[in-house]
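See below for the structure under consideration.
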Amino acid sequence: MVRGVRGTWCGTLLLAGVLVTGTSGCGPETPAEPGGPPSGTSGPAEPGTTATTTAPGTTKPTGATTAPGTTPAPGTPTAPGTSTADPHPAEVLVEVVVNGGLAGVSNKLVVHADGSWTSRSGTEEPRTGRQTPAETARLRAALEDPAYARVPERPTGDPVADGFQYYVTYRHRLVVTGDGERPAALQRVFAALPEGGPPTNP
């Protein structure tokens, strides 16, 4: 009986000592494995992953690109070769050649779509000029007149001795006329030409 009471008392004292010292009954803390991270910290991120943070001022990870379809910033230069000018400023609108006469001349007048023109007479230096937009529009209207499309391609009257012959080429159609009377539609074309047509002097 005395042994039992003594054992109970000793157990009570042992429990009190445990509570005072704070020793856990779950066993000692497991030490960290050799070479491993300290207790309470996480290991390194998996390869290929990017660490993120929710702290204020968080920046975009390095290497991030803008979304597809993003337009370039204002002031970006256009691709080389880009142009907004007339794509065919030197396109020939009409060409008129004059042959014949006592001296046997062969002169030419070329008018371009932008109104610029070149006149060649014999061995002289070519002369150049430019019609006003209104003058060019008048010439174009005379050439595009349906009546001009019905002008005969060869002279219908009697030839004039030692006269001149004019060869008018418009859109690959050639009309030949002389010094005699001309159809009204053809006369409107000559009236709209720079200087009335190519020179007849040698």
Side-chain angles (χ1 to χ4, degrees), residues 60 64-202:
K60 198 171 185 179
T65 58
T66 56
T70 304
T71 56
T76 302
T78 56
T82 303
S83 175
T84 57
D86 183 353
H88 304 292
E91 180 183 358
V92 174
L93 177 61
V94 64
E95 178 183 288
V96 183
V97 175
V98 58
N99 289 337
L102 290 174
V105 301
S106 181
N107 301 333
K108 181 168 64 174
L109 171 68
V110 178
V111 183
H112 298 278
D114 61 355
S116 61
W117 56 267
T118 303
S119 179
R120 300 178 183 276
S121 175
T123 59
E124 296 180 5
E125 288 292 327
R127 294 184 299 107
T128 60
R130 181 181 295 272
Q131 292 184 305
T132 65
E135 290 171 339
T136 305
R138 179 188 174 201
L139 174 59
R140 191 186 301 273
L143 291 166
E144 294 176 351
D145 187 346
Y148 177 72
R150 296 191 294 269
V151 171
E153 295 182 355
R154 293 293 182 272
T156 56
D158 295 330
V160 177
D162 297 322
F164 295 101
Q165 280 197 319
Y166 297 86
Y167 301 81
V168 184
T169 303
Y170 170 66
R171 290 185 177 177
H172 307 291
R173 180 175 182 257
L174 175 63
V175 173
V176 182
T177 185
D179 281 334
E181 292 186 3
R182 299 168 182 164
L186 182 57
Q187 186 58 40
R188 283 195 294 270
V189 170
F190 273 85
L193 288 172
E195 301 181 339
T200 56
N201 57 294

For the residue pair [X] and [Y], establish whether any side-chain heavy-atom pair is separated by less than 4.5 Å.
| X | Y | answer |
| --- | --- | --- |
| L139 | V111 | yes |
| R120 | V110 | no |
| Y170 | L93 | yes |
| Y167 | L174 | yes |
| E95 | L109 | no |

Is there a donor-acceptor contact under 3.5 Å from the side chain of [X] to the main chain of [Y]?
| X | Y | answer |
| --- | --- | --- |
| T132 | E135 | yes |
| D179 | F164 | yes |
| N107 | S119 | no |

Residues forming a salt bridge (Lys or Arg N to Asp or Glu O under 4.0 Å) with E144, sequence neighbours excluded
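Listed in chain order: R171.
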Indicate every side-chain donor-acceptor pair of residues 185-202 with a distance under 3.5 Å to a residue at least two apart or in another chain.
from : atom 1 : to   : atom 2 : distance (Å)
R188 : NH2    : D145 : OD2    : 3.0
E195 : OE1    : R127 : NH1    : 3.4
E195 : OE1    : R127 : NH2    : 2.9
E195 : OE2    : R127 : NH1    : 2.9

Full working for side chain to side chain contact (heavy atoms under 4.5 Å, CB included) between R182 and T177:
CA-CA 7 Å; R182 299 168 182 164; T177 185; 3.6 Å; yes
Please report the C-alpha distance between K108 and V96 in whole Å, then the side-chain angles of each, then the deciding distance to 0.1 Å, and finally whether the side chain to side chain contact (heavy atoms under 4.5 Å, CB included) criterion is met.
CA-CA 6 Å; K108 181 168 64 174; V96 183; over 6 Å; no
Heavy atoms only: give me the nearest R140-A113 pair and the separation to one decimal.
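Scanning both residues completely, I find the closest heavy atoms to be NH2-O, 3.2 Å.
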List the atom of Y148, the atom of V175, and the distance in Å for their closest heavy-atom pair.
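Closest approach of Y148 to V175, heavy atoms only: OH-CG2, 3.8 Å.
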I would like to know whether W117 and H112 meet side chain to side chain contact (heavy atoms under 4.5 Å, CB included); could you show each step before the answer?
CA-CA 6 Å; W117 56 267; H112 298 278; 5.9 Å; no
Stepwise, does the side chain to side chain contact (heavy atoms under 4.5 Å, CB included) test hold for T169 with V94?
CA-CA 6 Å; T169 303; V94 64; over 6 Å; no
Checking E153 now: which residues fulfil side-chain hydrogen bond (donor to acceptor under 3.5 Å, both in side chains) with it, not counting sequence neighbours?
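Counting only residues at least two positions away or on another chain, E153 forms a side-chain hydrogen bond (donor to acceptor under 3.5 Å, both in side chains) with R173.
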